[in-house]
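Inspection log for the structure reproduced underneath, given as structure tokens.
Below, read A as the first sequence line, B as the second, and so on, with proteins coming before strands; counting in each chain starts at 1. These figures come from a predicted structure and were not determined experimentally.
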Amino acid sequence: MSIRIYNTLSREKETFVPLDPKRVTLYACGPTVYNFAHIGNARPAVIFDLLYRVLSRRFSNVIYARNITDVDDKINAAAAEEGVSIDVITRRYADAYHADMAALGVGRPTVEPRATDHIDAIVKMIERLIELGHAYEAEGHVLFNVENFSDYGQLSRRDRREMIAGARVEVAPYKKHPGDFVLWKPSSDDLPGWDSPWGRGRPGWHIECSAMSASHLGEVIDIHAGGQDLVFPHHENEIAQSRCAHGTDTFARYWMHNGFVTVEKRKMSKSLGNTLIVHELLKQWPGEALRYLLLSAHYRQPLDWSEKALEQAQTTLDRLYGLLRDHASDAFAEQVEPDPAVTAALEDDLNTPTALAALNGLARQLGHADPAERPALAARLRATGELVGLLQQDPEAWFSQRQVKVELSEADILNLIEQRQQARQARDFSEADRIRDQLADQGIVIKDGPDGTSWEVAAR
RNA sequence: GGCUAGGUGGCAGAGUGGUUAUGCAGCGGCCUGCAAAGCCGUGUACCUCGGUUCGACUCCGGGCCUAGCCUCCA
């Protein structure tokens, strides 16, 4: 079996064949660090982290680049508002991004390039585009000329002429064509800027990804990924710049786009004020529950976020961790392969819902397996969880993070259980139930089993 | 207006031209003094109207509805 990927370019699921199997290249558009990430920003991070894991099983050398945009007008605005320099802002939110993503089980990419470290490469690329007649200077700006790039609109399936007709934005007077976009723009003295052949200025948004992608991965890459809203104009523009600058007929061979996280069916966005900040959610919920929920829908579908769904994800994880707690893994768990049904689902265009279904099937198998087979099944469940980025905690740690505060000492608890035990033996069940209720009120759950009574701290 | 996705059981959410998704909730059972947990079992679900077909939820066409992009946006 091979890996299948839905390619936005062809609008079809294709078999993934890398240009060079010894060096597979993946680029995902990363965050602009001017505030905390919301759960919609987390979705591509989780999805493409998973893609990287899936690719890495098949190919020994996968280079995954996920950039950090650290020069942007929104960053400038945030810095101005607080009266600090932009690097105070970008450092703060880049750190927060890393912490939040780590809590969601997202690993670090192979390289994490920053726009401000690539100004030279960006300037060189723009110079080249001007030389080749694909860009022009106007009033301190440098603009890309979409007119003489005939494939413009191929990815988003847009027609240039129709775009002019339907344009709802005022067109800057210095543009030759309404679709032309900025490669470089002038900076006033109070804004961050770099010297360039066109005066002090800063890069436009699209050019940084083209420059960083070429610097770290090469002129033609295997997979380029990002959110659906980047198809146009961001990715369309990246294709135009990169192909024109490098004289290639392909920029990225496969394009992958994730759907949005919605709230009450509406896209999560700042303008609607319906964003859910990961940093805040993590105060109330385990990161792993957020990850489970993000994986519960297929990445190209919209995912409607709700507290109810989050609770369900958490309940499901409770059950899975309960099984892992009750059944010790085989000692050689590291050598166990993930469930083939799960890898097959993931290799089929990252079908995470089917993968999670298979994971649950495996758990069910474990639940009623012959005792002799359980350690091996538990190990397999762990190994499968590792691939999807779930079930890697100590089960005790999973449960304890969710426990309520308990005032009683362990001696008190054992004492009460003993009293209840005596009441039960005396068949004074009303007294036994009273003690059980009393313990429950204080956050202790009693479980009577064949080997006596055990207890645990209740979950929140 | 142009372009893109989608409409599946109480909810979430995969998938398939004729056969069990899965999770959560519900119901019945096992276990228990009763519970809890766990396990077992359990649902004539595929927007609408036509067409293709021996047979369509699955393919094709029309309609209705929803969301998204066309402007910063994951």
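- For A:Asn41, the side-chain atoms get nearest to B:A74 when compared with the rest of B:G33, B:C70, B:A74.
- Shown here for A:Arg374 and A:Gly367, the closest heavy-atom pair between the two residues is NH2-O, 3.4 Å.
- Shown here, B:U4 forms a base pair with B:A67; the pair counts as Watson-Crick or G-U wobble because both key distances fall under 3.5 Å.
- Straight-line distance from the CE atom of A:Met268 to the C1' atom of B:C73: 13 Å, rounded to whole Å.
- Taking each heavy atom of A:Asn258 and A:Pro44 in turn, the nearest pair found is OD1-CB, 3.3 Å.
- Rounded to whole Å, the distance from CG on A:Asn237 to C1' on B:C72 is 13 Å.
- If you run side chain to side chain contact (heavy atoms under 4.5 Å, CB included) between A:Tyr299 and each of A:Ile47, A:Thr352, A:Leu50, only A:Ile47 comes through.
- The CH2 atom of A:Trp455 sits 4.0 Å away from the CD1 atom of A:Ile413 when rounded to the nearest 0.5 Å.
- Neither OP1 nor OP2 of B:U22 sits under 4.0 Å from any side-chain N or O of A:Asn360.
- With both pairing distances under 3.5 Å, B:C11 is matched to B:G23 as a Watson-Crick or G-U wobble pair.
- The closest side-chain donor-acceptor pair between A:Thr316 and A:Asp318, if any, does not fall under 3.5 angstrom.
- Residue A:Asp433 places a side-chain atom within donor-acceptor reach of the base of B:G33, judged by atom type and a 3.5 Å distance cut-off alone.
- With both pairing distances under 3.5 Å, B:U53 is matched to nothing as a Watson-Crick or G-U wobble pair.
- Taking only side-chain nitrogens and oxygens, A:Lys74 never comes nearer than 4.0 Å to OP1 or OP2 of B:C73.
- The nucleotide B:G17 finds no pairing partner, because no Watson-Crick or G-U wobble arrangement with both distances shorter than 3.5 Å includes it.
- Considering only side-chain N and O atoms, A:Trp305 lies nowhere under 4.0 angstrom from the phosphate OP1 or OP2 of B:A12.
- Looking only at atom types and distance, the side chain of A:Asp49 has no donor-acceptor partner in the side chain of A:Tyr64 under 3.5 Å away.
- The side chain of A:Arg436 lies closest to B:C34, out of B:A21, B:A74, B:C34.
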Would you tabulate the pairs of protein nitrogen or oxygen atoms and nucleotide nitrogen or oxygen atoms of nucleotides 36-41 of chain B closer than 3.5 angstrom?
unit_1 : atom_1 : unit_2   : atom_2 : d
B:C40  : OP1    : A:His368 : NE2    : 2.9

Protein and nucleotides 4-11 of chain B: nitrogen or oxygen contacts under 3.5 angstrom:
none

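- Across all strands shown, B:G28 forms a Watson-Crick or G-U wobble pair, both distances under 3.5 Å, with B:C40.
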